[in-house]
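Notes to accompany the following structure.
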Amino acid sequence: MHLSIIYVINKMTYLKAERLMLAKLMQSYADCKSLNTLEGSCKTRIPGVSFYRVSRGNGRQALLYQSGIIVMGQGHKEIHLGDKTVRYGPGDYLVLGVPLPLECEAFSENDLPILGLSINVNPTLLHKLVNQLADENYRGDTYSNSGSGLDIGIKSESINTVLDDTIKRLLMTLHDDAEAKILGPGIIEEIVFRVLTGENGHILFDLARHDGHYARIAKILNRMHQDYAEAITVEGLAEQAHMSISGFHRAFRQVTTETPLQYLKKVRLSKAKELIVTEGLKANDAAMQVGYISPSQFSREFKRHFNATPRSLLA
């Protein structure tokens, strides 16, 4: 057999084994923490790190993805944002620079649960690492899109060997609460560093540049997620971003594929759904809490967005 073919086969076998190890470690964590009935996500002992488990896949549905790094261990997902589709599964990680309303399909394999980790990127840590890389003359500008137009803040990439080893150490550390508390933050810092210096590191680099349009839009999105129930206008948002209305509108769509008002509506609907499902609020009460004045408008837009009525969620 040709040496190059042997190399490819050996590499594929190695990658498959590494992916299986990630799945085994995630399942081991679920066993250790009695999470085998979990349907959704839960926080771990490491701040900003959540564990995700669901028993089976689901059809295409509207979701609100938070910004951060998502690592898949078992099963795979397809996310749809405008006309863009991103697929990721075992051995892949996803980088989201900003929170995005999108549609997601989840697929289980061999009747096994879907398992994953999500890691929030702390802004203080991000700026610290970016500044340290700048001090070392790291070529972060090479990965930035700031000079050639904004990029949609979502990318999938295969986990390389070094990052894979770091993620495994994180999963092993999570098994022990004392180790998670003491060693976890250092491992998270290494993971963020590896992502920053990876193929899609420009997303995090651009996020750290205060004067860039991407960072300005990211700050506006964070504000919208905090103050979604308030009266928000495009004019007011543009002013806060220190941009013209037309420039703000254009940059906003480049990052999210949505207009500001479309994005705000999806955030409000997602928050309302959360209130209905997790707190058992009635539709009218949830509508008022997220900023809707008209209950009938809320019901129409909720059904159109989620393809379900608020009442059906409690059935």
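Computed from a prediction, not measured in an experiment: that's the story for all the values here.
- At a threshold of 4.0 Å, the pair R45-E179 does not count as salt-bridged, since none of the basic side-chain nitrogens sits closer than that to a carboxylate oxygen.
- In this structure, R60 pairs ionically with E103, as a charged nitrogen and a carboxylate oxygen lie closer than 4.0 Å.
- No donor-acceptor contact under 3.5 angstrom links the side chains of E136 and Q132, judged on distance only.
- Salt bridge K33/D177: present, at least one basic N to carboxylate O contact under 4.0 Å.
- Every side-chain contact (heavy atoms from CB on, under 4.5 Å) that L63 has, sequence neighbours left out, goes to Q61, Y65, C104.
- K273 forms no cation-pi arrangement with F298, by the criterion of a distance under 6.0 Å to the ring centre and an angle within 45° of the ring axis.
- F51 is linked by a ring pair (Phe, Tyr, Trp, His ring centres under 6.0 Å) to Y29, counting only residues two or more places apart in sequence or in another chain.
- Under the 3.5 Å distance criterion, the side-chain polar atoms of R216 are matched with a main-chain donor or acceptor of H242.
- Salt-bridge formation is detected for the pair E39/R53: a Lys NZ or Arg NE/NH1/NH2 atom is positioned less than 4.0 Å from an Asp or Glu carboxylate oxygen.
- For S244 (side chain) and G247 (main-chain N/O), a donor-acceptor pair under 3.5 Å exists by modelled atom type.
- Between E258 and R253 there is no salt bridge, since no side-chain nitrogen of the basic residue lies less than 4.0 Å from a carboxylate oxygen of the acidic one.
- Here Y263 pairs with H225, F252 under the ring pair (Phe, Tyr, Trp, His ring centres under 6.0 Å) rule; sequence neighbours left out.
- Counting only N and O atoms by type, the side chains of Y214 and Q254 include no donor and acceptor under 3.5 Å apart.
- Under the 3.5 Å distance criterion, with hydrogens and angles disregarded, a donor-acceptor pair is assigned to the side chains of E105 and H80.
- A distance-only check finds no donor-acceptor pair linking the side chain of S312 to the backbone of A308 [under 3.5 Å].
- Residue L125 holds its CG atom at 10.0 Å from CG of L204, rounded to the nearest 0.5 Å.
- Looking at D285, its side chain never comes within 3.5 Å of a backbone N or O of L281 through a donor-acceptor pair.
- The CE atom of M243 lies 4.0 Å from the NE2 atom of H213; values are rounded to the nearest 0.5 Å.
- Rounding to the nearest 0.5 angstrom, the gap separating the CG atom in L174 from the OG atom in S28 is 10.5 Å.
- Rounding to the nearest 0.5 Å gives a distance of 6.5 Å between OG of S50 and CG of N120.
- Rounding to the nearest 0.5 Å gives a distance of 5.5 Å between CG of L22 and CD1 of I159.
- Each of I167, V121, L117 was checked for a side chain to side chain contact (heavy atoms under 4.5 Å, CB included) with I69, and the lone residue meeting it is V121.
- The aromatic rings of F107 and H76 sit parallel, their planes meeting at an angle under 30°, below the 60° perpendicular limit.
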**Message:** I'd like to know whether Q226 forms a side chain to side chain donor-acceptor pair (under 3.5 Å) with N222, so could you lay out the CA-CA distance, the side-chain angles of the two residues, the decisive distance to 0.1 Å, and finally the verdict.
**Reply:** CA-CA 6 Å; Q226 292 173 356; N222 288 333; over 6 Å; no
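- Side chain of S118 to main chain of I70: no donor-acceptor pair is present (N/O by atom type, distance under 3.5 Å, no hydrogens or angles).
- The pair R169-D165 fails the salt-bridge criterion, with no side-chain N (NZ, NE, NH1 or NH2) lying under 4.0 Å from an Asp/Glu carboxylate O.
- To the nearest 0.5 angstrom, M72 atom CE is 10.0 Å from R87 atom CZ.
- Proximity of a side-chain donor or acceptor of S34 to a complementary backbone N or O of A30 within less than 3.5 Å is not detected.
- V277 and Y52 end up in the same hydrophobic cluster when Ile, Leu, Val, Met, Phe, Trp and Tyr side chains are linked at under 4.5 Å.
- Listed for the D176 side chain is no donor-acceptor partner under 3.5 Å among the backbone atoms of T173.
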